[in-house]
Novice: 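Take a look at the following structure, please.
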Amino acid sequence: MRCTASIHRACDTERFMVRVRFAPSPTGYLHIGSARTFIFNWLFARRQQGTMILRIDDTDVERNTQASLDSIYDGLNWLGLGWDEFYRQSDRFDLYTKAAWEVFEKDHAYRDFTPMNAAPEEPASQGGWLCNAGMRELSREESDRRAAAGEPFVLRFRVPRDPVREVAFKDLVYGEQSKSTADIEDFALLRSSGAPTYHHASCVDDFDLKISHIVRGQDHLSNTFKHILLFEALGAPAPEFAHLPLLIAPDGAKLSKRKHGPVVAVMTYRDAGFLPQAYVNFLCLLGWNPKDDREKMSIEELTAAFSFEGVNRSNAVVNFTEEDPIDPKAQWLNSQHLYAMSHDELAALLQPVFEKAGYAASAEKTRAVTPLIQERIKTLNDAPAVADFFFLDQLVPYDAAELIPQKGDAEMAVKVLRHARGVLETAEFTHAGLEGALRTAATELGVKAGQMFQPIRVAVCGRKNAPPLFETLEVVGREACLKRIDQAVELVGR
RNA sequence: GUCCCCAUCGUCUAGCCCGGCCUAGGACACCGCCCUUUCACGGCGAUAACGCGGGUUCGAAUCCCGCUGGGGACGCCA
C-alpha cells in the first residue's frame, strides 16, 4: 500500500488496509437488498484497493440449508463481481466459544439460567426489557454451581449500566450516533446449546479477520451500539461503520418473499433476461448517486465514482406492481447497457436464448440478426419474439388485412406483392441492391414507398412492426422471401 | 410500549452540511411533437415535488423546535 508523506500517523499497512465483508446467512435465496449490500462492499473494496471477504454467517444450525447456500452462490456468481477471501462461521465455533468465555472471565458476561420458553414478566413489546430478573446479579459461586449441576443457560453480555453511559460512533453514512446503555439490553453471546449468536460470532470474526469497515443494512444501525460494547469487552478496536438505507416495496414495507414474491430474488432478474452489469448499475442507483448526471455506468465507472458520501439516508422504493414486476428504470438501464454492447458480444448472449426458444440459431445467423434487433429489445428475453421470423420455417399466422397498404386495398396488395416477387427473384440481395430495386419498382407501379414496403414487410415478417426492411430481407434470404410472398399473395387473394 | 433512523415530482434522485445563483435541476414512466418505409433508437416539449405548523433571518427546500407520516431495532434469527 502506498505511504505518502501527508499521512502523519505511522505508516502501518494493516491499519490502512481496507477489508470489508459481506456476511449472508444461508436461510433463503439472495435477496436484492443483500445483493446491493454486497455490491457496495465490493465497490468500496475495489475503490480503496482493499480486500473483499465473503463470510457465511451460519451460526443458526437449525435454519441453514445447503440449498440456500447454493442459491446465494448462484446469485453472487451471476453478479460476476467475485471476492478475495472466504470464511464460514460454522468452521470457526471454537474461536467464538473461547472468546465468549474470556468475556465472561472479565465479568462482561454472565450466565442466564432463565428457561428458554419462560414468558418474560414484562414482554419486550411493552418496552424496557433489559435483562431477566435476578440473573445479572447471580454470584459467581452460585452461577458455577448451577452450571456444574447441568442446568442450561445462555451466556449474556453485561451491558455496563453502573453508571449508565453513552455509546457513540460516527457512521460514514448516518453521521454521529449515540445511545444510552440504559436503552441497550443484555444480549446473548452463547445459546444454551453452546453455539454462538449472530452478534457474538460477527464481532469476534470482524476482529479476527481485521475488518476495517462494516458496510451493512440500516436494520443493523441500532445493533451497532451492542457491537461496539462487545468490541470493547473483546479488547478490539471498533471498525468503521457505514449503514445503507433499506430497499422497500411500493407499499412502504420491507421487501419480503412472503409478501412480495419473486421480485425480491436476484435470480428473478437473471431469468428475466437482465445483464448482470445493468442490474448492478440499477441497484447502485437505489440509495447512491455519483453526484453528477450519470445514470448508465459500467462497473469500472461505478468503482471509480463510489464513496459513502454519495449514499442517501432515506429508504428507496423498488418500483414494481403485480402486473409488471420489473422496475421500469431497471429495464431502461438494461436496455442502455444492451445498446452499448458490441454486436459480437450481444450475439454470444443471444444465441443460447434463441436456442432455448427452439430456434435453429447458428452463430452466423445469430450474428447477422443481432444488429437488427439490438435496439428493439429491453431484455435478452425479448429477443425471440422480436426475431422469430428470422428463424421460423413457417411464419406464425397473421391476418390478411395486415397486408393491405395505407390508402390501398387488397388489389393493390396483390399487385405490389406480385411485382416485388419478380424484382426479388433477380435483385442483388444486399441492402443497397434491394433498396434500389424496390424503390424503382414503387415508382413503376405508381405507389408510395410505404405502400410498396409495408406489404412486403408483413409478408416476410408476418407482422407490421419489424426491423428495417432491406437488411431484414437480406438476412432472411431470397428463397424464404419468395416463398413467403407467394403465401401472402395467396392469403390476400382469397 | 422503549430506543434509533428517515422525510424534494408516481418512482430513483440533485440541491441541504457552508441559507440568497431554486420562478427547485436530471432520469425513468406517462402524454404530445420531430426524425422515419413500420417498429425501435434518437431529438424536442408538456404534466408533475420541497409533508404540516411554528420559529431564526432582510431572505429557508436549505438552520432550530414541535407535529404528522414512514421505516428499523428491541430473540437462545441474522
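Here is how names work: the chains are called A, B, and so on, in the same order as the sequence lines, proteins then strands, and each is numbered from 1.
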Novice: Side chain of A:L285: nearest nucleotide among B:rC74, B:rC12, B:rC39?
Specialist: B:rC12
Novice: Would you say a side-chain N or O of A:K254 is under 4.0 Å from OP1 or OP2 of B:rA73?
Specialist: yes
Novice: Among the nucleotides B:rG71, B:rA78, B:rC76, which one has an atom lying closest to any side-chain atom of A:N315?
Specialist: B:rG71
Novice: For the pair A:Q177 and A:H243, evaluate side-chain contact (heavy atoms from CB on, under 4.5 Å) and give the outcome as yes or no after the intermediate values.
Specialist: CA-CA 11 Å; A:Q177 303 292 316; A:H243 287 89; over 6 Å; no
Novice: Just to be sure I understand the rule, does A:P250 reach a base, reach only the sugar-phosphate, or reach nothing, if contact means heavy atoms closer than 4.0 Å?
Specialist: nothing
Novice: With a cut-off of less than 4.0 Å, is there a side-chain N or O of A:K179 near OP1 or OP2 of B:rA73?
Specialist: no
Novice: Check every atom of B:rG26, B:rU37, B:rA78 against the side chain of A:Y198 and return the nucleotide holding the closest atom.
Specialist: B:rA78
Novice: By nearest atom, which of the nucleotides B:rC5, B:rU37, B:rC74 is closest to the A:K226 side chain?
Specialist: B:rC74
Novice: Should B:rC58 form a Watson-Crick or G-U wobble pair with both distances under 3.5 Å, which nucleotide is its partner?
Specialist: B:rG20
Novice: According to a strict under-4.0 Å criterion, is A:K296 in side-chain N/O contact with OP1 or OP2 of B:rA27?
Specialist: no
Novice: Considering only atom P, compute the distance from B:rA46 to B:rC5 and round it to an integer number of Å.
Specialist: 42 Å
Novice: Between A:N289 and B:rA14, is there a side-chain N or O to OP1/OP2 distance below 4.0 Å?
Specialist: yes
Novice: From C-beta outward on A:R439, which listed nucleotide comes closest to its side chain: B:rG42, B:rU37, B:rC76?
Specialist: B:rU37
Novice: So does A:N312 get a side-chain nitrogen or oxygen closer than 4.0 Å to the phosphate oxygens (OP1/OP2) of B:rU13?
Specialist: yes
Novice: Considering just the side-chain nitrogens and oxygens of A:Q177, establish if one lies under 4.0 Å of OP1 or OP2 belonging to B:rC5.
Specialist: yes
Novice: Can you tell which of B:rU11, B:rG72, B:rA27 lies closest to the side chain of A:Q218?
Specialist: B:rG72
Novice: Can you tell me if A:S222 touches the phosphate of B:rC5, counting only side-chain N or O atoms and a distance under 4.0 Å to OP1 or OP2?
Specialist: no
Novice: Looking at OH of A:Y174 and CZ of A:F241, how far apart are the two atoms once the value is rounded to the nearest 0.5 Å?
Specialist: 15.0 Å
Novice: Checking contacts here: which listed nucleotide (B:rC4, B:rA78, B:rA29) is nearest the side-chain heavy atoms of A:N223?
Specialist: B:rA78
Novice: So does A:R313 reach the base of B:rC5 with its side chain, donor to acceptor, closer than 3.5 Å?
Specialist: no
Novice: Would you indicate which nucleotide in B:rC41, B:rA73, B:rG75 comes nearest to any side-chain atom of A:W129?
Specialist: B:rG75
Novice: Both A:F225 and A:A316 contact RNA chain B. Taking the nearest nucleotide for each, which residue is further toward the 5' end?
Specialist: A:F225
Novice: Please tell me which of A:A449 and A:D183 maps to the more 5' nucleotide of RNA chain B, matching each residue to the nucleotide holding its nearest heavy atom.
Specialist: A:D183
Novice: Between B:rU11, B:rC5, B:rC76, which one does the side chain of A:S192 approach most closely?
Specialist: B:rC76
Novice: Which of these nucleotides, B:rU38, B:rC74, B:rU11, is closest to any side-chain atom of A:R457?
Specialist: B:rU38
Novice: According to the Watson-Crick and G-U wobble definitions, with both distances under 3.5 Å, which nucleotide is paired to B:rA14?
Specialist: none
